[in-house]
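Read through the structure below, which is laid out as structure tokens, and then see the notes.
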Amino acid sequence: MIVKITGLIIVFGACAVTGTDFSGRLRRNRRQAALMGQYWGDFLRQMELTAAPPGLIARTLAERSSFREFPFARCLAGCQGDFEGALKTAVQESDLTPAMQKAIQPLAGILGSTPMETERQALLGALAAVRQEEKYWAEQESRQGTLYRRLGVLGGLALVVLLM
């Protein structure tokens, strides 16, 4: 009897954890999109204020407390060589969604190699795409995140009832 109850608790817990994990993935994508929007917004401000090269701006931003734990910022700041290659490497090595990669990828050929106004326009376009992605993930989290958690708990309860 104790073995059966223990098994039922494990089955219920596994289902609840699975639902929470799926919900957590949506939350992680939303947070990543929000941080990416903040990063490129700060990048644009630094570029306009200092007219510094993109590699220096990336290293400066990576030292800020808000970006120290952001893998994309650390990777971009840590890559050696030209900024185009560093950005491509950071996009590939960071765990970004395909839409986020698509929004950022065009910046690789523009930042550091074109006039500042062209860079500014490219950054504004990428920033708009990233903010749109953030809205998408926020909506997904509010709709499907709750659904995943509830389905995990209810699925677990259903399995417990079936196995009793």
same_hphob_cluster(Leu8, Ile10) at 4.5 Å side-chain heavy-atom cutoff: no
Without placing hydrogens or testing angles, list every side-chain donor-acceptor pair under 3.5 Å for residues 97-104, not counting sequence neighbours.
unit_1, atom_1, unit_2, atom_2, d
Thr97, OG1, Met100, N, 3.3
Thr97, OG1, Glu133, OE2, 3.4
Gln101, NE2, Leu96, O, 3.4

Gly19 backbone acceptor or donor facing Ser23 side chain under 3.5 Å: no
Over 12 non-hydrogen atoms of neighbours within 6.0 angstrom of CE in Met164: no
side-chain contact (heavy atoms from CB on, under 4.5 Å) partners for Ile9, two or more places apart: Ile5
Residue pairs, two or more places apart or on separate chains, that pass salt bridge (Lys or Arg N to Asp or Glu O under 4.0 Å) and touch residues 30-46: Arg30-Glu141, Asp42-Arg45, Asp42-Arg64
With Gln92 via side-chain hydrogen bond (donor to acceptor under 3.5 Å, both in side chains) - residues at least two apart: none
ILVMFWY cluster membership beyond Trp137 - transitive side-chain contacts under 4.5 angstrom: Phe22, Leu26, Tyr136, Tyr148
Linked, directly or transitively: Leu163 and Val3 (ILVMFWY side chains, under 4.5 Å): no
Non-hydrogen side-chain atoms of Met47 and Pro54 separated by less than 4.5 Å: no
Glu134 and Gln32, any side-chain heavy atoms less than 4.5 Å apart: no
Heavy-atom side-chain proximity of Arg59 to Leu76 below 4.5 angstrom: no
Minimal non-hydrogen separation, Ala73 against Ala62, with atom names: O-CB, 3.7 Å
Full working for side-chain contact (heavy atoms from CB on, under 4.5 Å) between Asp95 and Arg28: CA-CA 10 Å; Asp95 188 25; Arg28 181 188 60 84; 3.3 Å; yes
Within residues 5-21 or reaching into it, pairs that qualify as side-chain hydrogen bond (donor to acceptor under 3.5 Å, both in side chains) - sequence neighbours excluded: Asp21-Arg25
From Leu35 atom CG to Ser66 atom OG, the distance as rounded to the nearest 0.5 Å: 7.0 Å
Student check: side-chain heavy atoms of Leu111 and Phe43 closer than 4.5 Å: yes
Nearest-0.5 Å distance, CG of residue Leu44 to CG of residue Leu127: 7.0 Å
Partners meeting side-chain hydrogen bond (donor to acceptor under 3.5 Å, both in side chains) with Glu117 (sequence neighbours left out): Gln121
Euclidean distance, Ser142 OG relative to Leu147 CG, rounded to 0.5 Å: 11.5 Å
Nearest non-hydrogen partners of Leu107 and Ala126, listed with the distance: CD1-CB, 3.7 Å
Side-chain donor/acceptor of Thr114 to backbone N/O of Ile110, under 3.5 Å: yes
Heavy-atom pair with the smallest gap, counting every atom of Cys75 and Ala90: SG-CA, 3.6 Å
Partners meeting ring pair (Phe, Tyr, Trp, His ring centres under 6.0 Å) with Phe67 (sequence neighbours left out): Tyr39
Thr60: side-chain contact (heavy atoms from CB on, under 4.5 Å) partners, not counting sequence neighbours: Leu56
Val153 and Phe12, any side-chain heavy atoms less than 4.5 Å apart: yes
Thr146: partners by side-chain hydrogen bond (donor to acceptor under 3.5 Å, both in side chains), with sequence neighbours left out: Arg149
Glu139 with Lys135: basic N within carboxylate O range, under 4.0 Å: no
Selection residues 154-164 - residue pairs positive for salt bridge (Lys or Arg N to Asp or Glu O under 4.0 Å), sequence neighbours left out: none
ILVMFWY cluster, Leu151 and Val161 together (side-chain gap under 4.5 Å): no
Heavy atoms from other residues, nucleotides or ligands near CZ of Arg143 exceed 12 (cutoff 6.0 Å): no
same_hphob_cluster(Met36, Leu124) at 4.5 Å side-chain heavy-atom cutoff: yes
Glu48: partners by side-chain hydrogen bond (donor to acceptor under 3.5 Å, both in side chains), with sequence neighbours left out: Arg120
